[in-house]
Amino acid sequence: MATRDERAAVVDSLRRAIDAVPRDGSPAGAAPDDVALPGRRATDSEPRQPAPSSRDGADGQGGQDGPDEAQRSEASAAANRAYAILAQRDHSRQELRTKLLDRDHPEPVVDALLVKLEDARLLDDRRFAQSFVRSQREGRGASQSAIRRSLRQRGVADEDAAEALEQAGDDLPIALEVARKKARSTRSLAPEVRLRRILGVLGRRGFGGSVAHRAAREALEEHPGDGAG
């Protein structure tokens, strides 16, 4: 679990990244050079440009044409909330949008912020899907169908989910590990009870049909019971 100082460092990194998104006509999506974004290390080979102030106008001379103070306050509050949320873990676009709207940040402010976060590469559904698949496979032993449903619920496009799931491998090895663990913990039970409980835990993780039954049978063969009824 990240420490308070580590979370603070991540929040500061996120803040500097979004503040450094070009606002002068540079190509959208160019990552700031002074912040280590996911998948990219900061370099010292290019000059670092100071982030423009949100209070400056287009000519940097005072911002008479910029948003009023209330709008700036709303935008700042939403941004700070987003930084704190993203510092905890990666989120899909829909997840972050829902959380910000649930905290009563105005919808136009939230949608504008999401665009900036995407331009700064701090919000990326494709990257989120890949990370989510790894965590669900390695941490929970979830099936491909269960992971696909979860990604869809989080607003991830089917093509991004399919691409991430291509790296997940077959379901059977994962189902077998889950079944083995349950078989070891149910040695004292009757065979039919053991089978029912193994199939139950596999079903809750999204495994069904032939995969679940094959995994259950193999696990029970490898870990026979103690003979108790």
Side-chain angles (χ1 to χ4, degrees), residues 1-3 6-7 9-18 20-22 27-43 79 81-102 110-178 181 201-209 211-212 215:
M1 182 176 293
T3 66
E6 288 171 340
R7 288 196 297 270
V10 172
V11 171
D12 181 65
S13 178
L14 294 171
R15 181 177 292 110
R16 289 187 290 116
I18 191 64
V21 174
D33 295 320
D34 61 339
V35 179
L37 298 177
R40 174 183 174 183
R41 298 183 60 186
T43 63
R81 178 80 64 187
Y83 301 147
I85 292 171
L86 291 174
Q88 299 300 317
R89 67 168 177 83
D90 206 4
H91 283 63
S92 70
R93 190 185 200 277
Q94 179 174 295
E95 274 188 309
L96 183 58
R97 185 177 191 273
T98 298
K99 288 186 177 182
L100 293 173
L101 293 177
D102 285 347
V110 169
D111 288 339
L113 174 62
L114 295 177
V115 171
K116 292 180 181 179
L117 290 169
E118 288 174 325
D119 287 345
R121 302 180 193 171
L122 298 175
L123 199 59
D124 184 333
D125 275 4
R126 182 172 175 269
R127 185 185 67 230
F128 169 78
Q130 294 169 347
S131 174
F132 186 82
V133 168
R134 286 194 300 271
S135 68
Q136 291 295 297
R137 274 301 220 196
E138 298 169 6
R140 298 193 66 251
S143 69
Q144 286 207 25
S145 62
I147 296 172
R148 187 178 292 106
R149 285 195 300 271
S150 294
L151 287 172
R152 187 174 291 128
Q153 290 168 358
R154 287 163 172 77
V156 175
D158 287 344
E159 56 267 30
D160 290 334
E163 180 181 347
L165 284 166
E166 286 179 0
Q167 310 301 319
D170 295 336
D171 271 352
L172 182 59
I174 305 298
L176 188 53
E177 284 303 309
V178 174
K181 182 177 180 181
V201 72
L202 289 171
R204 288 191 292 275
R205 299 195 187 191
F207 300 101
V211 169

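One-based numbering along the sequence shown.
Counted within 6.0 Å of CG on Asp102, heavy atoms from surrounding residues, nucleotides or ligands total more than 12; the atom is thus considered enclosed.
Between Leu96 and Leu113, every side-chain heavy-atom pair lies at or beyond the 4.5 Å cut-off. The shortest side-chain heavy-atom distance between Val211 and Leu202 does not fall under the 4.5 Å cut-off. Counting heavy atoms from C-beta on, the side chains of Arg126 and Glu163 come closer than 4.5 Å. For the pair Arg205/Ile147, no side-chain contact is recorded, criterion being any heavy-atom separation below 4.5 Å from C-beta on.
In this structure, CZ in Arg81 is found 11.5 Å from NZ in Lys99, a value given to the nearest 0.5 Å. The line from NE2 of His91 to CG of Asp125 is 12.0 Å long, rounded to the nearest 0.5 Å. Rounding to the nearest 0.5 Å gives a distance of 7.5 Å between CG of Leu165 and CZ of Arg137. Taking CD of Gln144 as the start and CD of Glu166 as the end, the distance is 9.5 Å to the nearest 0.5 Å. Atom CG in Leu114 sits 11.0 Å away from atom CG in Asp119 (nearest 0.5 Å). Atom CZ in Arg140 sits 7.5 Å away from atom OG in Ser150 (nearest 0.5 Å).
The shortest heavy-atom contact between Ala142 and Phe207 is C-CZ, 3.8 Å. Nearest heavy-atom pair, Ser92 versus Val156, reported as atom, atom and distance to 0.1 Å: CB-CG2, 4.1 Å. For Asp90 against Phe128, the heavy-atom pair with the smallest separation is O-CE1, 3.6 Å. Closest non-hydrogen pair, Val133 versus Ala164, comes out as CG2-CB, 3.7 Å.
Classification of Asp111 and Arg97 as a salt-bridged pair holds, one side-chain N sitting under 4.0 Å from a carboxylate O. A salt bridge does not link Asp160 to Arg127: none of the charged nitrogens lies less than 4.0 Å from a carboxylate oxygen.
Checked against side chain to side chain donor-acceptor pair (under 3.5 Å), Ser145 has the following partners two or more places apart in sequence or in another chain: Ser143.
Remark: the backbone N or O of Asp124 is not paired with any side-chain donor or acceptor of Arg93 at under 3.5 angstrom.
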